A.B. asks: 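Here it is, the structure, as structure tokens.
Just so we're on the same page: letters track the sequence lines, and every chain starts at 1. The structure displayed is predicted, hence computed values, not measured ones.
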Amino acid sequence: MALYNWMFARKHGGQFILRIEDTDRKRSVPGATEAIMEALRWMGLDWDEGPDIGGPYGPYVQSQRAELYRQWADWLVEQGHAYKCFCTPEELAARREAQKESGGGHGYDRHCRNLTPEEIAEREADGLSYVVRFAAPLEGETVIPDVIRGDITVPNKQITDAVLLKSDGLPTYHLANVVDDHFMEISHILRADEWISSAPLHLNLYEAFGWEPPVYAHLPLVLNPSGKGKLSKRTQAFDDDGREVLVKVEEFRDAGYYPPALNNFLANVGWSFGDDREVFPIEEAVPRFRLEDINPAPTRLPYDKLDWLTGQWIQEMDPLTVAQAVKPYLDAQGHEVSPETLLLLTPALQVRLKKFTDAEEFLQFLWEDDAPLTADQLSHAKLPPEAAMTALQQARDYLATAEPFDAETIGAELPRIGEAATLNGKAGPFLGMLRRAVTRQAVSPPLYESIVALGRARTIDRLDQAIALLETEADRTTESG
RNA sequence: GCCCCAUUCGUCUAGUGGCCCAGGACGCGGCCCUCUCAAGGCCGAAACAGGGGUUCGAGUCCCCUAUGGGGCACCA
């Protein structure tokens with residue numbers, strides 16, 4: 001959502017403003033503001049005004065603007081557009097319960113809407129706490145012009161007398177936003193679908209204030225991968241296989257995803273680049289972005305596509321950048337790799353990675369010195385045991401002295417040994433065996449690079465172990481046969 | 001229960017009355033390439049929720065139904 005706001009602002013040369021909406025004391029979490037800014041920064045979405053950099057309409061933290069909201073709430077009360085409500089939460093809950101049972105209306109029952117000035121004065125004298133509620137229109141209808149969906153018409157009897165100012169003196173979202181959006185000169189509101197139902201209230205607030213409302217665009221909701229319910233930052237989400245799914249920006253970061261690819265991915269949800277193009281930098285998407293083109297239907301994130309997209313991005317990066325990106329993750333996983341080794345393997349690595357953290361799996365052979373190796377793993381139908389042994393021995397001897405010890409050189413010689421060893425004259429079976437002997441893995445980066453990365457000494461050592469293994473195996477076969 | 005929003009392949013989407021017996025992408029299956037895994041290339045299966053209209057003509061416009069979602073807080 002922030003991405004769409006950002007793209008829209010960037011396209012039209014507008015300001016992208018970061019405003020912290022922290023008017024709920026029960027929910028405010030220390031450090032939350034920092035976390036949000038950190039996430040946006042990581043994604044590369046820069047803002048023009050915000051709590052950290054200020055701007056002409058500050059402060060940008062709502063809890064610091066409480067006085068302003070209070071003034072305007074008072075103004076509404078004076079004008080008769082709002083009123084003080086002395087109902088207690090308990091009373092409200094009880095009446096709501098009764099309403100539910102009778103199956104009747106909904107929302108606040110407007111109990112305090114028509115209190116006389118005397119009744120109000122009396123209650124205030126008693127020191128009762130109160131909230132300020134909006135006196136919503138009782139008849140007619142409100143039309144919300146929405147750029148994505150067209151006009152949305154809501155009967156006014158659906159609109160309830162929402163609380164504007166809570167008993168702790170802080171505003172609710174409704175009041176705070178309308179006031180802030182007006183004074184911060186917000187031209188467009190892009191927000192999630194779930195706000196549609198309170199949009200009539202907001203429009204009526206603008207009307208009561210006599211202010212010009214902004215343009216609304218209600219973005220499609222992002223659903224759980226299962227399609228059940230909306231995706232929420234506050235709860236965990238799971239896919240159809242019951243696996244937990246990433247939701248927060250920092251989770252994607254920790255999982256090894258790449259910001260430009262993530263932006264690319266997100267831009268493709270609810271909107272599309274056009275020209276059948278899937279991979280694109282967000283900068284190229286900006287000039288093409290139009291609110292009218294946003295798909296209004298709710299959506300699920302196609303996580304498989306994110307992996308593919310990230311893979312595409314990584315393939316296109318230059319090796320040095322990939323290596324630099326992978327390094328911190330390997331460090332965090334406690335693996336030591338020299339920059340030279342990492343760089344040597346990066347070209348092979350980058351066509352394989354779906355995300356940076358995948359590097360660990362492909363580089364395992366580098367630190368698994370005691371990985372188990374069995375004769376079974378070394379055998380191959382097209383490679384007679386004696387020939388395998390001979391070839392392995394030849395390879396070992398060759399690698400012990402090969403100069404220069406680089407992928408190109410050994411890549412020219414090793415296949416020749418293999419071709420001579422197999423029945424069909426193809427090097428494949430032998431090279432497969434060699435890879436298992438050297439990397440101890442069925443799946444590894446390409447053989448020659450792997451050997452060079454491992455280094456001469458460790459390669460020879462592992463080959464000696466493989467040869468010894470084959471020898472004992474051969475002895476056993478002889479004895480039993 | 002009431003109100004609102006939505007509904008094209010499994011998923012993300014293109015499509016704004018004839019160019020659509022519906023295009024792209026991911027995923028899936030097959031083949032090729034190949035030292036494994038990838039990457040790459042080629043091929044394939046796979047959708048307009050249902051029903052009524054409007055129109056010469058409907059995925060595209062209208063209505064109803066169904067399904068999914070959102071809201072109905074002193075949360076945002």
A.B. asks: Under 4.0 Å, counting only non-hydrogen atoms across every strand here, what does A:T23 touch: a base, just sugar-phosphate, or nothing?
C.D. replies: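 A:T23: backbone/sugar contact only, no base atoms under 4.0 Å.
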
A.B. asks: Do A:D22 and A:S28 have a side chain donor and acceptor closer than 3.5 Å?
C.D. replies: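 Side-chain D/A pair, A:D22 to A:S28: absent.
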
A.B. asks: For nucleotides B:A25 and B:C62, find the distance between their C1' atoms and express it as a whole number of Å.
C.D. replies: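 Comparing C1' positions in B:A25 and B:C62 gives a spacing of 33 Å.
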
A.B. asks: Find the distance A:I451:CD1 to B:U36:P and express it as a whole number of Å.
C.D. replies: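 It works out to 15 Å between those atoms.
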
A.B. asks: Mind calculating the distance between CD (A:E97) and P (B:G1) to the nearest angstrom?
C.D. replies: 17 Å

A.B. asks: Assign each of A:D276 and A:K26 to its nearest nucleotide of RNA chain B by heavy atoms, then name whichever residue's nucleotide is nearer the 5' end.
C.D. replies: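 Of the two residues, A:D276 wins.
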
A.B. asks: My understanding is that a pair needs two contacts under 3.5 Å, Watson-Crick or G-U wobble. By that rule, which nucleotide pairs with B:A22?
C.D. replies: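 Base partner found: none.
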
A.B. asks: Expressed in angstrom and rounded to an integer, what is the separation of A:R95 atom CZ from B:C74 atom C1'?
C.D. replies: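 Answer to the nearest Å: 14 Å.
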
A.B. asks: Rounded to the nearest angstrom, tell me the gap between atom NE2 in A:H202 and atom P in B:G71.
C.D. replies: 14 Å

A.B. asks: Quick one: ring pair (Phe, Tyr, Trp, His ring centres under 6.0 Å) partners of A:F252, sequence neighbours excluded?
C.D. replies: A:Y257

A.B. asks: Distance from A:L301 atom CG to A:L306 atom CG, nearest 0.5 Å?
C.D. replies: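 Atom-to-atom, A:L301:CG and A:L306:CG are 8.5 Å apart.
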
A.B. asks: Would you please confirm or rule out a distance under 4.0 Å between OP1 or OP2 of B:A76 and any side-chain N or O of A:R27?
C.D. replies: no

A.B. asks: Measure the acute angle between the ring planes of A:H218 and A:Y216, then classify it against the limits of 30° and 60° as parallel, tilted or perpendicular.
C.D. replies: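 The rings of A:H218 and A:Y216 lie parallel, inter-plane angle below 30°.
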
A.B. asks: Out of A:F365, A:F362, A:W367, which residue meets the ring-ring contact (aromatic ring centres under 6.0 Å, His included) rule with A:H335?
C.D. replies: A:W367

A.B. asks: Provide the Watson-Crick or G-U wobble partner of B:A58, both distances under 3.5 Å; none if there is no partner.
C.D. replies: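 No nucleotide pairs with B:A58.
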
A.B. asks: Classify A:R436 by what it touches in the nucleic acid, base, sugar-phosphate, or nothing, heavy-atom distance under 4.0 Å.
C.D. replies: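 It contacts nothing in the nucleic acid.
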
A.B. asks: Could you tell me the separation between the CZ atom of A:R19 and the C1' atom of B:A76, rounded to a whole number of Å?
C.D. replies: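 After rounding, the gap between these two atoms is 12 Å.
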
A.B. asks: Rounding to a whole Å, what distance do you find between A:E361:CD and B:U36:P?
C.D. replies: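 Distance check: A:E361 CD to B:U36 P gives 17 Å.
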
A.B. asks: Say you pick atom P in B:G23 and the same atom in B:A73; how far apart are they, in whole Å?
C.D. replies: 47 Å

A.B. asks: For the salt bridge (charged side-chain N to carboxylate O under 4.0 Å, His left out) test, which of A:R133, A:R96, A:R95 pairs with A:D109?
C.D. replies: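 Single pass found, and it is A:R95.
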
A.B. asks: Applying a 3.5 Å limit to both distances, which nucleotide forms a Watson-Crick or G-U wobble pair with B:U16?
C.D. replies: none

A.B. asks: Using the C1' atom on both, measure B:A14 against B:G51 and round to a whole Å.
C.D. replies: 27 Å

A.B. asks: If you assign A:D24 and A:L431 each to the RNA chain B nucleotide with the nearest heavy atom, which residue ends up on the more 5' nucleotide?
C.D. replies: A:L431

A.B. asks: Could you run down nucleotides 3-13 of chain B 5' to 3' and tag each one B, S or - for protein heavy-atom contact under 4.0 Å?
C.D. replies: SSSSS---SBS

A.B. asks: Quick check on B:G71: is either OP1 or OP2 less than 4.0 Å from any side-chain nitrogen or oxygen of A:K230?
C.D. replies: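 For B:G71, OP1/OP2 do have a side-chain N/O of A:K230 under 4.0 Å.
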
A.B. asks: Students often get this wrong, so: under 4.0 angstrom with heavy atoms, is A:V163 touching a base, only sugar-phosphate, or nothing?
C.D. replies: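 Here A:V163 touches the backbone only, sparing every base.
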
A.B. asks: OG1 of A:T23 to NE2 of A:H174: how many Å apart, nearest 0.5 Å?
C.D. replies: 10.0 Å

A.B. asks: Look at A:K355 together with A:D358 and state whether they make a salt bridge at an N to O cut-off of under 4.0 Å.
C.D. replies: yes

A.B. asks: What is the distance from CZ of A:F430 to C1' of B:C35, rounded to the nearest Å?
C.D. replies: 10 Å

A.B. asks: Taking atom P in both B:G10 and B:A22, what distance in whole Å separates the two?
C.D. replies: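 Comparing P positions in B:G10 and B:A22 gives a spacing of 15 Å.
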
A.B. asks: With P as the reference atom in both, quote the distance from B:U60 to B:A49 in angstrom, rounded to an integer.
C.D. replies: 8 Å

A.B. asks: Does the ring-ring contact (aromatic ring centres under 6.0 Å, His included) test come out yes or no for A:Y173 and A:W195, once each step is laid out?
C.D. replies: CA-CA 11 Å; A:Y173 168 89; A:W195 289 105; 3.8 Å; yes

A.B. asks: Between A:N264 (side chain) and A:F280 (backbone), is there a donor-acceptor pair under 3.5 Å?
C.D. replies: yes

A.B. asks: Report each atom pair, protein N/O against N/O of nucleotides 59-65 of chain B, whose distance is under 3.5 angstrom.
C.D. replies:
none

A.B. asks: If you define the side chain from C-beta out and look only at heavy atoms, does anything of A:Y130 sit under 4.5 Å from A:C112?
C.D. replies: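 Result no, sub-4.5 Å side-chain heavy-atom pair not found.
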
A.B. asks: In plain terms, say whether A:D239 and A:R300 are close enough for a salt bridge, that is, a side-chain N and a carboxylate O under 4.0 Å apart.
C.D. replies: no

A.B. asks: Do NZ/NE/NH1/NH2 and the carboxylate oxygens of A:D181 and A:R19 come within less than 4.0 Å?
C.D. replies: yes

A.B. asks: Once you round it to whole Å, what is the distance between C1' of B:C26 and CG of A:D307?
C.D. replies: 10 Å

A.B. asks: Is A:R96 touching bases, backbone alone, or none of the nucleic acid, heavy atoms closer than 4.0 Å?
C.D. replies: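 Touches sugar-phosphate only.
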
A.B. asks: What contact category does A:Y108 fall into here, base, sugar-phosphate, or nothing, at under 4.0 angstrom with non-hydrogen atoms?
C.D. replies: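 Here A:Y108 touches no strand at all.
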
A.B. asks: How would you list, by chain and number, every residue that makes a salt bridge (charged side-chain N to carboxylate O under 4.0 Å, His left out) with A:K230, sequence neighbours excluded?
C.D. replies: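 For A:K230, the residues satisfying salt bridge (charged side-chain N to carboxylate O under 4.0 Å, His left out) (neighbours in sequence not counted) are A:E194.
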
A.B. asks: Would you list the protein and nucleotides 37-41 of chain B atom pairs, both N or O, that sit under 3.5 Å from each other?
C.D. replies:
unit_1, atom_1, unit_2, atom_2, d
B:C37, O2, A:R352, NH1, 2.6
B:C37, N3, A:R352, NH1, 2.3
B:A38, O2', A:V351, O, 2.9
B:A39, OP1, A:K354, NZ, 3.2
B:A39, O3', A:Q315, NE2, 3.2
B:A39, O2', A:Q315, OE1, 3.1
B:G40, OP1, A:Q312, NE2, 3.2

A.B. asks: Taking a pair as Watson-Crick or G-U wobble with both distances under 3.5 Å, which nucleotide is matched to B:C42?
C.D. replies: B:G30

A.B. asks: Scan A:K157 against the nucleic acid and name what it touches under 4.0 Å (heavy atoms): base, sugar-phosphate only, or nothing.
C.D. replies: nothing

A.B. asks: Using a heavy-atom cut-off of under 4.0 Å over every strand shown, decide if A:G229 touches base, sugar-phosphate, or nothing.
C.D. replies: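 The residue A:G229 makes sugar-phosphate contact but no base contact.
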
A.B. asks: Give me the distance, rounded to whole Å, that separates B:U8 from B:G50 when you measure between the C1' atoms they each carry.
C.D. replies: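 Approximately 15 Å lies between the C1' atom of B:U8 and that of B:G50.
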
A.B. asks: Look through every strand shown and name the nucleotide pairing with B:U67 as Watson-Crick or G-U wobble, where both distances are under 3.5 Å.
C.D. replies: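 Base-paired to B:A6.
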
A.B. asks: My understanding is that only residues two or more places apart in sequence, or in another chain, count here; which of them pass side chain to side chain contact (heavy atoms under 4.5 Å, CB included) with A:V154?
C.D. replies: A:I144, A:I152, A:Q158, A:P200

A.B. asks: Roughly how many Å apart are B:C20 and B:G24, using the C1' atom of each and rounding to a whole number?
C.D. replies: 14 Å

A.B. asks: Looking only at atom C1', what distance separates B:U11 and B:G18, rounded to whole Å?
C.D. replies: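 Straight-line distance between the two C1' atoms is 31 Å.
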
